[in-house]
Amino acid sequence: MTLEGQDRAGDIHVELSRAGTAWDLEEVGEAVTYLRSMQCESYALKLLTAAGQLRPIAEIAMLTERLAESGQSHDATVVLRAAGIRRPTEVPLALVERLRASGRRQDVRAVLAGAGAQRPVLLLDELLAMLEGRGYGDETRMALNATVSERSHAEIRELIDLLDIADRTPQIQWILDRIAREWTSEQVAQFVNELGPATRYAEVHTVLDIVARHTSVNALLTLTEALRSTGRGVSADHVFAAAGRHRSIQDLMLIMRWCAQHEREVSLQVLFRGADEGGRRRFWKAVKVLQGQAQWFRIDANAMIQRAGISTEGLASTAVETSPGVSAGGSEVALGRRTGNTESDAVVEDR
């Protein structure tokens with residue numbers, strides 16, 4: 001490869017594409033090593049990308065295996081990701097099948113990560129449909145994970161629309177689950193706002209329910225604040241209501257303490273009203289524990305309930321049992337060890 005005198009970017013690009021697609025596989029590896037020795041990292045990556053974009057499937061499989069064996073696993077990943085981005089759907093699909101059959105799971109992941117992150121949305125939708133049609137559930141989720149991690153909100157919404165049209169609900173559910181569990185609370189709130197609860201009611205509620213049930217208390221509370229700041233008070237209430245149905249006694253105690261400290265009686269009311277029968281029992285047990293540990297929590301639980309306008313009818317008949325992590329005479333520090341939360345929870349932090 002001769003780059004001297006190549007003073008135009010177009011000429012260099014043509015030379016690198018030719019090397020990546022036409023040279024012998026051993027020469028490709030040698031060219032990458034040479035370019036790196038000349039501190040031409042961007043050229044090395046262009047060469048590898050060209051190999052992934054234009055080489056036949058069998059050659060890609062052999063090239064990436066050789067690169068990995070020679071300690072160039074990162075270079076192999078560049079080639080495989082490139083193969084998943086713009087080529088006709090049959091190509092990445094056939095490459096996935098070949099790699100899958102030979103047990104090269106990490107290489108399968110690399111191809112699908114490229115597709116999930118950068119493949120045009122229409123072509124990604126086509127690839128996802130073919131993967132699903134072959135029963136490749138794990139591989140479908142690999143691509144979707146990359147989509148959630150690396151795509152813009154607008155692209156994810158576009159993909160959800162396409163999946164909805166094709167009635168591929170499980171794929172939509174997976175996307176929403178990853179968003180709820182992996183994104184920051186601010187990102188989730190922004191996404192909910194962009195989806196529009198009025199038009200994407202089911203999707204919005206799915207995300208909010210997952211946050212309410214499965215993320216940290218800090219993440220839950222930060223999300224409700226972020227939602228209110230964008231005028232989504234109803235969505236914030238949905239989170240509190242779902243938390244009332246599903247959260248543990250320990251989590252309810254932390255939420256109650258936050259509501260009391262921030263004078264959010266309405267949110268406490270929603271937390272209570274959203275609970276089913278089991279949730280109500282946990283609610284009153286949490287209040288009982290707060291009463292018994294007033295010296296630690298510095299909250300007047302009775303006054304808190306009264307200000308929220310909640311009838312205390314169920315409180316008298318509630319007995320506090322010794323439960324895992326918290327006993328009636330336990331300390332707040334013990335609670336923190338159990339839940340991963342400590343006194344710092346008084347200030348809501350993001351996950």
Side-chain angles (χ1 to χ4, degrees), residues 1 13 16-36 40-151 155 159 171 174 178:
M1 177 181 293
H13 181 75
L16 292 169
S17 294
R18 187 179 69 81
T21 57
W23 285 15
D24 291 341
L25 299 183
E26 288 185 6
E27 292 176 330
V28 171
E30 292 171 359
V32 170
T33 301
Y34 168 75
L35 289 168
R36 289 224 169 91
C40 296
E41 177 67 18
S42 64
Y43 291 165
L45 294 177
K46 285 180 181 177
L47 191 155
L48 292 166
T49 299
Q53 290 175 338
L54 297 168
R55 287 269 185 179
I57 294 169
E59 291 184 10
I60 290 175
M62 287 188 289
L63 173 61
T64 52
E65 188 171 25
R66 291 182 184 183
L67 288 170
E69 288 174 350
S70 63
Q72 296 172 272
S73 296
H74 174 72
D75 292 340
T77 298
V78 172
V79 175
L80 292 166
R81 283 182 66 102
I85 295 174
R86 289 192 176 275
R87 302 189 70 167
T89 302
E90 293 76 13
V91 175
L93 183 65
L95 182 57
V96 164
E97 290 178 329
R98 183 186 183 104
L99 297 171
R100 190 174 184 268
S102 57
R104 294 168 61 180
R105 185 172 178 79
Q106 286 303 112
D107 291 343
V108 169
R109 191 183 303 278
V111 174
L112 295 172
Q118 294 177 270
R119 191 171 179 81
V121 174
L122 283 171
L123 293 179
L124 173 60
D125 176 57
E126 186 176 70
L127 177 60
L128 291 170
M130 289 189 175
L131 289 169
E132 183 180 60
R134 283 163 172 74
Y136 292 173
D138 286 347
E139 288 74 15
T140 301
R141 290 185 285 274
M142 288 177 190
L144 293 175
N145 288 346
T147 296
V148 172
S149 297
E150 302 187 44
R151 292 275 186 170
E155 289 174 312
L159 179 59
Q171 293 181 19
W174 185 263
R178 294 299 90 196

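Computed from a predicted structure; not experimentally measured.
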Scan residues 113-124 for pairs that pass salt bridge (Lys or Arg N to Asp or Glu O under 4.0 Å), counting only residues two or more places apart or in two chains.
-> none

Taking all non-hydrogen atoms of both residues, which atom of Pro88 and which atom of Pro92 are closest, and how far apart?
-> O-CD, 2.9 Å

Under the side chain to side chain donor-acceptor pair (under 3.5 Å) test, which residues partner Glu59, sequence neighbours left out?
-> Arg55

Listed partners of Asp107 passing side-chain contact (heavy atoms from CB on, under 4.5 Å), at least two apart = Leu80, Leu99, Arg104

Using side-chain contact (heavy atoms from CB on, under 4.5 Å) as the criterion, list what pairs up with Ile57, not counting sequence neighbours.
-> Val91, Ala94, Leu95, Arg98

Going from CD on Gln53 to CZ on Arg86, what distance comes out if it is rounded to the nearest 0.5 angstrom?
-> 8.0 Å

Scan the side chains in residues 122-133 for donor-acceptor partners under 3.5 Å anywhere in the protein, sequence neighbours excluded, and list what turns up.
from: Asp125; atom 1: OD1; to: Arg168; atom 2: NH2; distance (Å): 2.6
from: Glu126; atom 1: OE1; to: Thr89; atom 2: OG1; distance (Å): 2.3
from: Glu132; atom 1: OE2; to: Gln171; atom 2: NE2; distance (Å): 3.4

Over all heavy atoms of both residues, which pair between Ile60 and Ala83 is shortest? Give the atoms and the distance, please.
-> CD1-CB, 4.1 Å

In terms of heavy-atom contacts, Gly29 and Leu67 come closest through CA-CD2, 4.4 Å

Those residues that, when tested against Glu41, pass salt bridge (Lys or Arg N to Asp or Glu O under 4.0 Å) (two or more places apart) | Arg36

Report the residues that fulfil side-chain contact (heavy atoms from CB on, under 4.5 Å) with Val121, sequence neighbours left out, ordered by chain and then residue number.
-> Arg151, Glu155, Glu158, Leu159, Leu162

On a heavy-atom basis, the closest approach of Ala146 and Ala117 is CB-N, 4.0 Å

Going from CG on Leu35 to CG on Leu45, what distance comes out if it is rounded to the nearest 0.5 angstrom?
-> 9.5 Å

Those residues at least two apart in sequence (or on a different chain) that pass salt bridge (Lys or Arg N to Asp or Glu O under 4.0 Å) with Arg81 are Glu150

When rounded to the nearest 0.5 angstrom, what distance separates CZ in Arg18 from CG in Leu16?
-> 10.0 Å

Which pairs pass salt bridge (Lys or Arg N to Asp or Glu O under 4.0 Å) with one or both residues in residues 22-34, sequence neighbours excluded?
-> none

Can you name the side chain to side chain donor-acceptor pair (under 3.5 Å) partners of Ser70, sequence neighbours left out?
-> Gln72

Which pairs, with at least one residue in residues 137-146 and sequence neighbours excluded, count as a salt bridge (Lys or Arg N to Asp or Glu O under 4.0 Å)?
-> Arg100-Glu139, Arg105-Asp138, Asp138-Arg141

Any idea which heavy atoms bring Ala110 and Thr77 closest together, and the distance?
-> CB-CG2, 4.1 Å

Heavy-atom closest pair (Ala68 atom, Ala76 atom, distance to 0.1 Å) is N-CB, 4.4 Å

side-chain contact (heavy atoms from CB on, under 4.5 Å) partners for Arg178, two or more places apart | Asn145, Val148, Trp174, Arg181, Glu182

